[in-house]
Amino acid sequence: MKLVRLTPQHNLSDFDCGDNDLNEFLKDNALLFTEQRIANTFVLEDGDNIVAYFCLLNDKVSQEESSNNKWKKLKKEFPEGKQFSSYPAIKIGRFAVSLKYKGQNYGTDLMVMLKDMLYRSTNYSAFRYITVDAYLSAIGFYEKNDFKILSPQTIDKDTRLMFFDMMELA
Ligand SMILES: CC(C)(COP(=O)(O)OP(=O)(O)OC[C@H]1O[C@@H](n2cnc3c(N)ncnc32)[C@H](O)[C@@H]1OP(=O)(O)O)[C@@H](O)C(=O)NCCC(=O)NCCS
């Protein structure tokens with residue numbers, strides 16, 4: 001298994017995670033998003049098969065989007081005088097495992113790789129959190145991977161804003 005950046009050479013025709021939007025994004029938009037510098041896509045390869053993919057972009061965790069209780073707790077992590085109304089983050093824009101590989105821990109393994117890759121990428125811009133607008137059906141998966149719910153109610157009817165604190169890896 002190898003985690004690599006998506007290239008035009010990847011054969012994506014067989015990829016099916018069971019969700020049309022996520023399938024279409026990978027096949028029709030992922031490379032365009034990279035070209036336009038709005039999101040970078042990474043794929044987990046098993047030989048010629050695509051096991052899973054995710055894409056990343058910059059984000060922030062802000063008071064505006066948090067429930068009062070969550071924000072109070074989150075702010076306590078920072079020393080006096082370093083408490084701001086938002087903190088830098090990286091967003092998981094998309095995350096999907098192929099149906100062929102679903103339920104075999106590949107999603108979890110990929111999340112560990114993603115966190116490790118980001119933990120080691122300290123050369124340029126700093127960020128404290130990983131965020132994701134989790135599908136309601138995937139909240140359990142993110143909770144198992146130590147993400148917590150941030151937003152008080154549903155942002156829209158299909159997703160919930162969740163976050164992972166990179167300090168958990170320190
Ligand atoms: C959600 C998804 C990424 C999970 O990947 P996966 O490889 O099947 O998950 P894993 O096998 O690593 O599961 C790890 C744990 O999370 C649990 N889990 C997985 N999917 C879950 C879900 N949708 N809800 C609740 N728990 C879930 C598993 O039961 C497992 O728990 P266990 O360790 O106690 O057995 C994958 O099913 C998928 O791509 N779904 C369609 C697209 C999607 O919903 N993406 C998320 C967009 S926000």
Side-chain angles (χ1 to χ4, degrees), residues 1 3-6 10 12-34 36 38-46 49-71 73-74 86-119 127-166 168-169:
M1 297 270 167
L3 180 61
V4 296
R5 287 284 289 266
L6 177 68
H10 279 110
L12 306 171
S13 55
D14 282 350
F15 185 84
D16 180 12
C17 69
D19 180 284
N20 278 342
D21 286 347
L22 292 170
N23 290 342
E24 275 171 31
F25 175 82
L26 181 64
K27 290 171 192 179
D28 302 337
N29 289 317
L31 285 169
L32 190 70
F33 272 46
T34 299
Q36 294 296 315
I38 49 180
N40 287 332
T41 298
F42 298 80
V43 294
L44 185 64
E45 296 174 331
D46 176 19
N49 289 323
I50 304 290
V51 177
Y53 84 91
F54 60 78
C55 72
L56 301 175
L57 61 153
N58 288 358
D59 195 19
K60 66 180 178 183
V61 158
S62 68
Q63 185 168 9
E64 234 172 276
E65 291 178 292
S66 313
S67 68
N68 285 341
N69 280 349
K70 280 278 155 58
W71 188 254
K73 247 193 193 166
L74 191 142
S86 70
Y87 296 96
I90 288 186
K91 172 162 279 198
I92 300 174
R94 306 278 191 293
F95 191 102
V97 174
S98 156
L99 286 175
K100 280 190 237 166
Y101 294 87
K102 193 178 166 172
Q104 299 166 56
N105 241 56
Y106 287 102
T108 301
D109 289 348
L110 185 59
M111 190 60 82
V112 169
M113 287 185 211
L114 182 162
K115 287 175 181 171
D116 182 57
M117 179 181 96
L118 293 182
Y119 189 73
F127 66 97
R128 173 67 186 253
Y129 300 102
I130 302 175
T131 57
V132 66
D133 291 323
Y135 283 0
L136 301 185
S137 59
I139 288 175
F141 167 75
Y142 288 108
E143 284 178 335
K144 289 231 152 122
N145 284 283
D146 301 320
F147 281 73
K148 295 183 177 68
I149 291 176
L150 185 69
S151 54
Q153 302 119 357
T154 45
I155 308 156
D156 59 49
K157 64 180 178 11
D158 301 321
T159 62
R160 218 54 211 278
L161 177 58
M162 300 184 77
F163 72 101
F164 172 79
D165 186 349
M166 291 299 284
E168 288 193 30
L169 301 178

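Computed from a predicted model, the values in this text were never measured in an experiment.
With rounding to the nearest 0.5 Å, the separation of SG in C17 from OH in Y101 is 14.5 Å. Going from atom CG of N40 over to atom SG of C55 covers 8.5 Å, rounded to the nearest 0.5 Å. Expressed to the nearest 0.5 Å, how far OG1 of T41 lies from CZ of F33 amounts to 8.5 Å. The distance from the CG atom of L161 to the NZ atom of K70 is 10.0 Å, given to the nearest 0.5 Å. To the nearest 0.5 Å, the span separating CG on L26 from CZ on F15 amounts to 6.0 Å.
Residue pairs that meet the salt bridge (Lys or Arg N to Asp or Glu O under 4.0 Å) test with at least one member in residues 92-107, sequence neighbours left out, do not exist here. Here salt bridge (Lys or Arg N to Asp or Glu O under 4.0 Å) pairs that include residues 18-28, with residues two or more places apart or in two chains, number zero. Every pair passing side-chain hydrogen bond (donor to acceptor under 3.5 Å, both in side chains) that includes a residue from residues 104-119 is listed here, sequence neighbours excluded: D116-R120.
Legend: residues meeting side chain to side chain donor-acceptor pair (under 3.5 Å) with Y129, ordered by chain and number and at least two apart, are absent. Taking the salt bridge (Lys or Arg N to Asp or Glu O under 4.0 Å) definition, one finds that K91 meets it with D59, D133, sequence neighbours left out.
Side-chain N or O atoms of Y53 include one that pairs as donor or acceptor with a backbone N or O of L22 at under 3.5 Å. Although no hydrogens or angles enter the test, the distance criterion places a donor-acceptor pair under 3.5 Å between the side chain of T34 and the main chain of A39.
T159 and Y135 make their closest contact through CG2-CD1, 4.1 Å (heavy atoms, listed as atom of the first residue, atom of the second, distance). Considering every non-hydrogen atom in both I38 and L57, the closest pair reads O-CB, 3.4 Å.
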Please tabulate, for side-chain N and O atoms in residues 140-150, each donor-acceptor pair with protein atoms closer than 3.5 Å (sequence neighbours left out).
unit_1: N145; atom_1: ND2; unit_2: F141; atom_2: O; d: 2.9
unit_1: K148; atom_1: NZ; unit_2: E168; atom_2: OE2; d: 3.3

